[in-house]
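Presented below is the structure to which this report refers.
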Amino acid sequence: MRSEKILNRPDYSFNRSVFKSMGYSDDDLSRPIVGIVNSWNTLVPGHFNLKEISEYVKRGIYRGGCTAAEFGVIAACDGTAQGHKGMHYILPSRELIANDIETMVEAHQLDAIVLLGSCDKIVPAMLMAAARLDIPAILVPGGPMLGGAEFGGRKSDLTSVSEGLGMLKAGTINEQEYALLEESCCPSCGSCAFLGTANTMCCLSEAMGMTLPGGALAPAPHPDRLRIAQDTGIAVCQMIKEGITARDIITEKSMENAIRVCLGISGSTNAVLHLTAIAYEAELEVDVLDMFDKLSRKTPQVAKVNPAAKWDMEDFWMAGGIPKVLEEMQPLLNGDALTCSGSSLAENIINYQYKFPHNTEIISSLDKPFGFTGGVSVLRGNLAPDSGISKPGAIDASLHNFTGTAKVFNSEEEAEEAILGNKIKAGDIVVIRYEGPKGGPGMREMYKAMKYLYGLGLGEKTALVTDGRFSGTNNGCFVGHVSPEAAEGGPIAIVKNGDKISIDVIEGSLHLHVSDEEIQQRLADWQRPKPKFTRGYLGIYSKMASSAAEGAIIRP
């Protein structure tokens, strides 16, 4: 064991004394030490229940014959950070969390880790750290929250408030109705009740084999969540005994499985960024963007949930969740991929017990899919030479091919002011730039801009193109992650008001209707803007972040 090297007598009695000062016994120190990486706090609803979940993980660890040692890491809420300075910090926080986990594990030579997290950047950061450290590791999500009171023909959730603001501005609901929506849309803690980035990454962790079967979607208030936590504690001890480490699970085969499932459920576009970063940390020789591009053309969409349908995460879980998706997609998956249960993916599928009747309106089959191509697509063209990312699974078929007139904004705030000021009309393509990894910095989500367009009745009459990101719950015609970004002199930097742009999310093209000669002249005249932040962490990140096409990671 790693911990044996720093706890043997007499050379390391100093270290043993440190542990004993906190109540650890000789028996505790004779067992493998499993770190519980807990992102619990009372700021983020997806992490509010992780203190209780940690106690059940500890039960499992002790049952498995190991010793638990807990430490905390930061976790910021995308929801609270939306639409202001705070969103600059959300994606960069991913690198901080991965670095913190690495630091704590290596400083204390832990033998294994159980990762407790639920939300957007925390889950991928934890998987990045596991891949980097290559020790036994399992992720336990806190589970999604329950859906709220009905609004707009479905159970409400946090996004309903943003959509409702557009309706309030348009006069289709009143202030009393809006206040009631605020009170009733989030009836429990947990990750948001839609298939945003948080739940997408939890689903992909399960598909990748880094979360126990059924662990992605059991709701936060359900007792299954606690049982999964305890089972995880036992399972990680078994991984230690069998010598199974993170890189035995995070392989090219499991990465392909995760991408297939992301396409099959029409997961968040942010998954492309995060899987790219995880593959980098695992030192996999795979091009995640290329894999998304190729697989999207031959991976049917077999699940349809919010934002692509009215069904929320609790409904998805009751329909069979990721185990059922894996079962339906099994002919397309690498069934021999090893998982944290100690069994293969195929064995997990055979052994899983469903608790509720199957709902084919939520999870269909390869024979009768909701779409014959994947729910996430990679776009390229003269406006995105490296790449852009869209989500056809959440876009009405009438918008799969869209040509419109550019309305250009150099920040999220400028665009939102114009949208709420009724300056965007049907047929416009809103272009928001200087919001990429370096230019933002931090690649903010253009979540509110899309929701405002929806609330104003323009969701199916306009489009949005940006070098920033989107929330996994956005729908309508959009393209994000445009690379190279504007701050790096990408073509999106030279788009002008009135330019024509064509988007095809099925064929994967993003084209600016300007001649090559004109594009080159505009680029020659372009001047790099001054960085928005020159001090603190954002100053560092804006200098060192790679492009969205490379996962927006910080390279040494």
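- In terms of modelled atom types and a separation under 3.5 Å, the side chain of Glu416 and the main chain of Glu413 share no donor-acceptor contact.
- Looking at Asp315 and Arg154, no side-chain N of the basic residue comes within less than 4.0 Å of a carboxylate O on the acidic one, giving no salt bridge.
- Of the possible polar contacts, one joining the Asp504 side chain to the Ile506 backbone as a donor-acceptor pair under 3.5 Å is found.
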| Run the side-chain contact (heavy atoms from CB on, under 4.5 Å) check on Lys438 and Met443 step by step: do they pass? | CA-CA 8 Å; Lys438 290 181 180 291; Met443 207 178 176; over 6 Å; no
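- For Lys461, the NZ atom counts as loosely surrounded, since its 6.0 Å shell holds 12 or fewer non-hydrogen atoms of other residues, nucleotides or ligands.
- Side-chain contact, Gln82 with Asp78: no donor N or O sits under 3.5 Å from an acceptor N or O.
- Shown here is Tyr280, whose OH atom has more than 12 heavy atoms of other residues, nucleotides or ligands within 6.0 Å.
- By the 6.0 Å contact criterion, CZ on Phe409 is enclosed, its count of non-hydrogen atoms from other residues, nucleotides or ligands being greater than 12.
- Closest approach of Ser118 and Cys202 over heavy atoms only: O-SG, 3.6 Å.
- Panel note: side chain Asn199, backbone Phe194; a donor-acceptor pair is recorded below 3.5 Å.
- Pairs engaging residues 375-387 under the side-chain hydrogen bond (donor to acceptor under 3.5 Å, both in side chains) rule: Asp293-Arg380, Asn382-His511 [sequence neighbours left out].
- Between Phe478 and Phe470, the ring-plane angle classifies as tilted under the 30° and 60° cut-offs.
- When each of Arg469, Arg433, Arg444 is paired with Glu412, the salt bridge (Lys or Arg N to Asp or Glu O under 4.0 Å) condition holds for Arg444 and for no other.
- Residues Thr80 and Leu43 have side chains not in contact (no heavy-atom distance under 4.5 Å, counting atoms from C-beta outward).
- Side-chain atoms of Lys532 never come within 3.5 Å of backbone atoms of Pro441 as a donor-acceptor pair (strictly under, hydrogens ignored).
- Across all non-hydrogen atoms, the minimal contact from Lys425 to Asp428 is N-OD2, 2.8 Å.
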| said: Please evaluate residues Ile363 and Phe316 with respect to the criterion side-chain contact (heavy atoms from CB on, under 4.5 Å), reporting the C-alpha separation (whole Å), side-chain torsions for both, the decisive distance (0.1 Å), and the verdict. | reply: CA-CA 8 Å; Ile363 302 173; Phe316 191 13; 3.7 Å; yes
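- A salt bridge is absent between Arg94 and Asp120: the closest approach of a Lys/Arg side-chain nitrogen to an acidic carboxylate oxygen does not fall below 4.0 angstrom.
- Here the shortest heavy-atom pairing between Trp526 and Ala487 reads CH2-O, 3.8 Å.
- Within the 3.5 Å criterion, the main-chain N or O of Asn410 finds a donor-acceptor partner in the side chain of Glu414.
- Taken from OH in Tyr537 to OG in Ser93, the straight-line distance is 7.5 Å, to the nearest 0.5 Å.
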| message | One pair to check against side-chain contact (heavy atoms from CB on, under 4.5 Å): Met126 and Ser39. What are the steps and the verdict? | response | CA-CA 10 Å; Met126 289 179 165; Ser39 54; 3.8 Å; yes
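- Looking at Ser188, its side chain does come within 3.5 Å of a backbone N or O of Leu146 through a donor-acceptor pair.
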| Hey, mind stepping through Phe292 and Leu275 against side-chain contact (heavy atoms from CB on, under 4.5 Å) and telling me if it holds? | CA-CA 10 Å; Phe292 261 100; Leu275 291 178; 3.9 Å; yes
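- Formation of a donor-acceptor pair under 3.5 Å by the Ser184 side chain with backbone atoms of Gly148 is not found in this model.
- Of the inter-residue distances, the one linking Lys169 atom NZ with Tyr452 atom OH reads 8.0 Å to the nearest 0.5 angstrom.
- Between the side chain of Asp157 and the backbone N or O of Gly147, no donor-acceptor pair lies under 3.5 Å.
- Between Val376 and Gly267, the shortest heavy-atom contact is CG2-O, 3.3 Å.
- Applying the 6.0 Å contact sphere to CZ of Arg555 captures more than 12 heavy atoms from other residues, nucleotides or ligands.
- Environment of CD in Glu518: crowded, with over 12 heavy atoms of neighbouring residues, nucleotides or ligands closer than 6.0 Å.
- For the side-chain contact (heavy atoms from CB on, under 4.5 Å) with Thr462, the lone residue among Leu456, Leu453, Val430 that qualifies is Leu453.
- Shown here for Ile429 and Thr403, the closest heavy-atom pair between the two residues is CD1-C, 4.4 Å.
- Between the side chain of Thr211 and the main chain of Leu139, a donor-acceptor pair closer than 3.5 Å is present.
- Side-chain atoms of Gln301 come within 3.5 Å of backbone atoms of Ala303 as a donor-acceptor pair (strictly under, hydrogens ignored).
- The shortest non-hydrogen separation linking Ile278 to Pro124 is CG1-O, 4.1 Å.
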